[in-house]
Amino acid sequence: MVGAILFLTFLVLLLGGIPIGVALGLAGALAILLADQSILAMPTNVYAGIAKYPLIAIPMFVLVGSVFDRTGVALRLVRFATAIVGAGRGALASVSVLVAMVIGGISGSGPATSAAVGQVVTRSMVADGYPRPFIAGTVAAAAATDILIPPSIAFIIYAVLVPGVSVPAIFMAGMFPGILAGCAIIAAVLALSFVNDFGGKARAEERLKVWQTFKEAIWGLMAPVVILGGMRIGAFTPTEAAVMAVFYGLFVGIVIYRTLTLRDIYEMLVEAGELSAVILIVVALASVFAWSTSTLGIVQPVATWIVGLGLGEYGTIALLMIVLIFIGMFLDGVSTFLILLPVLIPIANAFQWDLTWFGVILTMKIAIGQFTPPMAVNLMVSCRIAGVSMESTIPWVVWMILAMFVSLALVVVFPDIALWLPRTLGTM
């Protein structure tokens, strides 16, 4: 009974417009009181929820996303990719996906990448003959790969919450699935562009020289190498890598590109502080909710019931796929993990699934939800920038969703797509 009240209270508060962190904390506190537990468990769990060393990386990765957004890295990457791909049908659309994947290897945030890439490519794609709804769908789908390609804030949260999963291991495990998802989206946008004759309409301009644009974009291209390569060779931990990434971004913006001013730095620090505070408050209050579910004995019966449905491994994964994609329409990956992992991990243990691989496929499901109408967080951002309604994107985005499904199915059927790299690098 108390368990039903816990989830019902959370749902009512969420639908009532209460911020998700507050809703989680209030629902957990009510459950604690109804179960005659000490309310002092609440401050203890709030502190324990954020007193974890890997979480220090979150403010730094949020900040580095802002730094690279303001330095003009995205524009230089677009110019370089355009020089390589050239003009023609689907070329600029493919470039936008590639750039979003690289930016995702810096910021780790889907909505942030939707904004950064959307602002850079929308005007050029309109001039090249792409309809605005198609542009919005392409940018939103491409940005969804960002919680898969490391560094990923969602992966950090998953590794913190799941014993036995390290941040370097799940970072490496997300690399190939993220690239696979990006390639699937590129295939979809190319097919749509060729069928509908999108692209290649812009007036002929001076041909961009590959070497010249490469020299301008090299600093942006090197950022993921610095972040991931440093962790791989053991030069620094994921948390220290986040700090190094901030230093690298500031160096590029101040010394190399000279696009950052002291005012820009101040505004970025304020923006990163506010966003990081929101994330960590949600993490802290979600710990109260998670403690309530485990202490009241809610988690195990739910997990046992799902396993007992007799759907088998693939049937259970399909069920979780439907649930998580639906939830991903409304919530970001961090919030979804905080709420559902207490239930999902016992299910994974019952089937003896590798928890690193399980984290990757969970994240892929959430990524699909982030650009699936009607409440897709990435699509909301890209539609606002493109100046279109979300409904108008559906004829285009549905094909990108199907493409992402194919990449997800491949990772489910062939777990080594995710696990080969961390095993080879010795991070598992």
Side-chain angles (χ1 to χ4, degrees), residues 61 65 68-69 73-74 77-78 81 93-118 120-121 135-156 158 170-190 192 220-221 223-224 227-228 321 324-325 328-329 332-334 336-337 359-372 376-382 393 396-412 417-418 421:
F61 280 129
F68 277 91
D69 181 22
V73 168
L77 290 174
V78 168
S94 302
V95 164
S96 66
V97 178
L98 291 170
V99 171
M101 291 169 67
V102 175
I103 294 294
I106 300 170
S107 72
S109 168
T113 302
S114 290
V117 177
V120 171
V121 304
I135 298 169
T138 300
V139 171
T145 64
D146 295 357
I147 61 172
L148 290 166
I149 298 175
S152 164
I153 294 173
F155 279 163
I156 294 173
Y158 182 88
I170 198 163
F171 271 12
M172 294 300 104
M175 181 67 75
F176 285 159
I179 294 173
L180 177 64
C183 292
I185 294 169
I186 289 174
V189 300
L190 279 175
L192 289 170
L221 294 170
I227 297 170
L228 300 177
M321 186 183 302
L324 286 170
I325 290 173
M329 298 179 195
D332 61 283
V334 171
T336 303
F337 281 158
V360 172
I361 64 169
L362 289 182
T363 307
M364 292 187 78
K365 295 170 187 178
I366 295 168
I368 295 172
Q370 289 189 339
F371 66 100
T372 302
V377 290
N378 288 3
L379 201 54
M380 283 183 180
V381 175
S382 62
T393 67
W396 313 115
V397 82
V398 65
W399 296 104
M400 302 172 202
I401 293 170
L402 290 174
M404 193 82 158
F405 263 120
V406 171
S407 64
L408 171 60
L410 288 173
V411 178
V412 169
I417 295 175
L421 187 60

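For the numbers below, each heavy atom of this structure counts, side chains included, while hydrogens, waters and symmetry mates do not. We count residues from 1, following the sequence as given.
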Could you walk me through whether M404 and L408 pass side chain to side chain contact (heavy atoms under 4.5 Å, CB included), step by step? CA-CA 6 Å; M404 193 82 158; L408 171 60; 5.8 Å; no
Quick one, I147 and I153 - any side-chain contact, counting heavy atoms below 4.5 Å? no
Minimum side-chain heavy-atom gap V121-V99 below 4.5 Å: no
For W396, which residues count as a side chain to side chain contact (heavy atoms under 4.5 Å, CB included) partner, sequence neighbours excluded? P133, F134, L192, N196, F198, M400
Mind checking what makes side chain to side chain contact (heavy atoms under 4.5 Å, CB included) contact with A136, not counting sequence neighbours? S382, C383, A386, V388, T393
Quick check: closest heavy atoms across [X] and [Y], and the distance to 0.1 Å?
| X | Y | answer |
| --- | --- | --- |
| S94 | L190 | OG-CD2, 3.3 Å |
| F371 | A144 | CD2-CB, 3.5 Å |
| V189 | T138 | CG1-OG1, 3.7 Å |

In Å, rounded to the nearest 0.5 Å, how long is the span from [atom1] of [X] to [atom2] of [Y]?
| X | Y | atom1 | atom2 | answer |
| --- | --- | --- | --- | --- |
| L362 | K365 | CG | NZ | 5.5 Å |
| D146 | M101 | CG | CE | 9.0 Å |
| T372 | I366 | OG1 | CD1 | 12.0 Å |
| I361 | L148 | CD1 | CG | 11.5 Å |

Which donor-acceptor pairs under 3.5 Å do the side chains of residues 171-187 make with protein atoms, sequence neighbours left out?
none

If only atom types and distance count, is the side chain of S152 paired as donor or acceptor with the main-chain N or O of I149 below 3.5 Å? no
Using the side chain to side chain contact (heavy atoms under 4.5 Å, CB included) rule, take Y158 and T363 through it: C-alpha gap first, then chi angles, then the decisive distance, then the call. CA-CA 9 Å; Y158 182 88; T363 307; 5.8 Å; no
